[in-house]
Amino acid sequence: MKTSQLLIPTLRDDPGEAETVSHRLMLRSGLIRKVAAGIYTYLPLGLRVIRKIEQIIREEMNRAGAQELLMPIASPAELWKETARWDYYGKELLRFKDRHERDFCLGPTHEEVITDLFRREVRSYRQLPLNFYQIQTKFRDEIRPRFGLMRGREFIMKDAYSFDVDEAGAKVSYQKMYDAYIRIFTRCGLTFRAVEADTGLIGGDVSHEFMVLADTGEATVAYSDQGSYAANLERAEVPPPSDVDTTPLRPLTPIATPQRRTVEEVTALLQITPRQLVKTLLYRAGAETVAVLIRGDHEVNEVKLARLLNVTDVVLADSETVQHATGAPPGFAGPVGLQRVRILADHAIKAMKNVVIGANKADTHYQNANLDRDFTVEQFSDLRNAQAGDPSPRGPGVLTLAKGIEVGQVFLLGTKYSHKMNATILDDQGKERLAIMGCYGIGVGRTAAAAIEQNHDEKGIIWPFPIAPFHVHLLTVSQSEKTTEAATHLYTDLMAAGVEVLWDDRADRAGVKFNDADLIGAPFQVVVGDKGLADGIVEIKIRRSGIKSRIAPGDLVAQLRKLSTEADPSAA
RNA sequence: CGGGGCGUAGCGCAGCCCGGUAGCGCGCCUGCUUUGGGAGCAGGAUGUCAGAGGUUCAAAUCCUCUCGCCCCGACCA
């Protein structure tokens, strides 16, 4: 393609609306333009990247035995009411009525639609396993769209759904997708980790997320520095402490702590460390209020708490609720004499002795409070976030925390949807059984954004070869006929050789072209100009390394082939 | 939804406090020169100052409301 024939509106300045690297560079290099919050147009260059990623996904999904289909974006409320997600999904589900006042929604995911198809069309275990996938536009009315394609409301997703007769089969299907995802993200040139994940709104039992490691990531990953353990922080297990403090018990003593509410204020006043203090946090979980005891230097993991209480989410109680439950203003809650709410505690509390806790009385704490003697706990559980330096819950090593961008997630759903929608098949005994399902998603645009987060410099994008919009950016830096003629030949030869080449044939000066080429980030730049041609050469610049080499025009195609193979071994 | 901020030319911004002719840089158009890392000169076009009300002789500027967008939090591919 020629630049003069494509709309590639590059920007010299950073757009004011964009802060993250990928968002900024996508706008600047003319890949996308915003239409509304979280809603974008993919311009020709951006669409080429999207298509490249889609193609890699297609190849690997097909290789893994999945079959492609395409479901509608709009789906009727009835299906969603069957699984109760019409109510449960909340405001993220964009609903509307058709002209007959029938309720519809824009699909945020397609478990209902695919399960409906399955139950209508599939009867026998002989037809299984089945795995259907689609690459389609999804709509989720996100609370806060941000960072360009990283979290859009409308976005392109590959979603796949597997159906098996039994658990064993479902695990095989799950593993196939897991392996396919590893290949997909590897082929996209990303540095990533597969981590254990919470199942969230989709539901189910087992799940892994594929995290591209990048500082701009919204998720936190905890992984072992020596072993293979890796998990989303939401999920990362913290084993109970092995050593118990054996200090002799001292008598419980009230102590005045006027206006000292926070851990910092109380520990500063009493000259102790946060490790010697127990925070008592009150949470609302549905209709119930619970108290959660947690060591002063730890953070409550609300996902774990919600899971323990079997609710969808928990929120910190407001001050009125705290006052009602403890008889004291917030900041002075403690488990001693706390009657009105259940008391839950993180495992770490078991190991603590002579702790400081709130006294359920304004401006007062207790010193030397001790479990069982002074207060009791209804249930101990893993309720805190893992911290860097914690021992790995499985395998050797200690945990390190890093930021990650979630580009894909795989779930073993079990019968969650097949049960609610009665999706059954006959097994080899002629008995009706619920299909065991799995579902598997990849954010296509987010994968492109993540690739930019990991591959850029101050000049612009450095595309991994397999997902670059073009392999070669051909730059003519002189306006002479000689140069144009030489470039025309090279352009024709490259195209004939199957090289994806973008020829910057604009009448602009060399500097403009060099800068745009660096910004757009094709892996290789070929520079043709009067100077080089006088010496009988053209120049190749490798975008990533910046290394330039001079080469006879006749050798260009062969040389680029060689460089391409080095850049993308999987393409060979 | 809670907290913070912003809406002025295609992009980046100034002007607003202290009301009176809407500006700067880049980009765009024309011409000449230039042509290997964001050219120079000359000329030119482009704005419902987010919208609606109000105050005033007069509003981009002051007041009220509405809308949109960005950032921080709760959500997720």
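What you see is a predicted model, and the numbers here were worked out from it, not measured in a lab.
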For [Y], is there an ion pair with [X] - N to carboxylate O distance below 4.0 angstrom?
| X | Y | answer |
| --- | --- | --- |
| A:Glu209 | A:Arg235 | no |
| A:Lys459 | A:Asp457 | no |
| A:Arg384 | A:Glu299 | no |
| A:Asp141 | A:Arg153 | yes |
| A:Glu19 | A:Arg24 | no |
| A:Asp382 | A:Lys304 | yes |
| A:Asp516 | A:Arg506 | yes |

Could you state the atom-to-atom distance from [atom1] of [X] to [atom2] of [N] in whole Å?
| X | N | atom1 | atom2 | answer |
| --- | --- | --- | --- | --- |
| A:Tyr89 | B:C75 | OH | P | 13 Å |
| A:Glu142 | B:C72 | CD | C1' | 16 Å |
| A:Leu190 | B:A77 | CG | P | 18 Å |
| A:Glu299 | B:G73 | CD | C1' | 14 Å |
| A:Glu19 | B:C6 | CD | P | 14 Å |
| A:Lys513 | B:A39 | NZ | P | 12 Å |
| A:Ile50 | B:A77 | CD1 | C1' | 12 Å |
| A:Asp318 | B:A74 | CG | P | 19 Å |

Within [range], which residues have any heavy atom lying less than 4.0 Å from an atom of RNA chain B?
| range | value |
| --- | --- |
| residues 449-456 of chain A | none |
| residues 466-474 of chain A | none |
| residues 7-16 of chain A | A:Arg12, A:Asp13, A:Asp14, A:Pro15, A:Gly16 |

Which salt bridge (Lys or Arg N to Asp or Glu O under 4.0 Å) pairs, counting each pair once, include a residue from residues 476-485 of chain A, with sequence neighbours left out?
none
Name the nucleic acid region contacted by [X], choosing base, sugar-phosphate or nothing; use a 4.0 angstrom heavy-atom cut-off, strictly under.
| X | result |
| --- | --- |
| A:Gly152 | base |
| A:Lys34 | sugar-phosphate |
| A:Arg33 | nothing |
| A:Ala219 | nothing |
| A:Lys459 | base |
| A:Tyr181 | nothing |
| A:Val407 | sugar-phosphate |

Less than 4.0 angstrom between a side-chain N/O of [X] and OP1 or OP2 of [N], yes or no?
| X | N | result |
| --- | --- | --- |
| A:Arg153 | B:C76 | no |
| A:Arg146 | B:G73 | yes |
| A:Arg144 | B:C72 | yes |

Under 6.0 Å between ring centres, would you say that holds for A:Phe132 and A:Tyr161?
no
May I ask you to check whether A:Phe192 and A:Tyr181 place their ring centers less than 6.0 Å from one another?
no
Sort out the partner of [N] for me: Watson-Crick or G-U wobble, both distances under 3.5 Å, none otherwise.
| N | answer |
| --- | --- |
| B:C18 | none |
| B:C41 | B:G31 |
| B:G53 | B:C63 |
| B:C24 | B:G12 |
| B:G2 | B:C72 |

Distance between the [atom1] atoms of [N] and [M], in whole angstroms?
| N | M | atom1 | answer |
| --- | --- | --- | --- |
| B:C13 | B:U55 | C1' | 30 Å |
| B:C76 | B:G3 | C1' | 22 Å |
| B:G25 | B:G38 | C1' | 14 Å |
| B:U21 | B:C49 | P | 14 Å |
| B:G31 | B:C24 | C1' | 25 Å |
| B:A60 | B:G19 | P | 13 Å |
| B:U56 | B:G20 | C1' | 12 Å |
| B:U66 | B:A59 | P | 24 Å |

Please compare A:Ile143 and A:Ala37 by the position of their nearest nucleotide in RNA chain B and report the one closer to 5'.
A:Ala37
Quick check on RNA chain B: between A:Glu154 and A:His23, whose nearest nucleotide comes earlier from the 5' end?
A:His23
For A:Arg193, give me all partners under side-chain contact (heavy atoms from CB on, under 4.5 Å), at least two apart in sequence or on another chain.
A:Val195, A:Leu213, A:Tyr223, A:Ala230
Mind checking what makes side-chain contact (heavy atoms from CB on, under 4.5 Å) contact with A:Lys138, not counting sequence neighbours?
A:His110, A:Gln134, A:Gln136, A:Phe155, A:Met157, A:Asp159
Please collect all side chain to side chain donor-acceptor pair (under 3.5 Å) contacts where either partner lies in residues 440-449 of chain A, sequence neighbours excluded, each pair once.
A:Ser162-A:Tyr440
Closest approach to the side chain of A:Phe411, judged atom by atom: which nucleotide of B:C75, B:A77, B:C72 is it?
B:A77
Base B:C75 to side chain A:Arg151, donor-acceptor N/O within 3.5 Å cut-off
yes
With sequence neighbours left out, the residues meeting side-chain hydrogen bond (donor to acceptor under 3.5 Å, both in side chains) with A:Gln67 are none
Sorted by chain and residue number, the side-chain hydrogen bond (donor to acceptor under 3.5 Å, both in side chains) partners of A:His473 (sequence neighbours excluded) come out as none
5' to 3', nucleotides 28-36 of chain B under a 4.0 Å protein heavy-atom cut-off (B base, S sugar-phosphate only, - none) gives ------BSB
Excluding sequence neighbours, so at least two apart, what forms salt bridge (charged side-chain N to carboxylate O under 4.0 Å, His left out) with A:Arg187?
A:Glu59, A:Glu60
My understanding is that only residues two or more places apart in sequence, or in another chain, count here; which of them pass salt bridge (charged side-chain N to carboxylate O under 4.0 Å, His left out) with A:Lys52?
A:Glu500
Do the side chain of A:Trp463 and the main chain of A:Ile520 share a donor and acceptor less than 3.5 angstrom apart?
yes
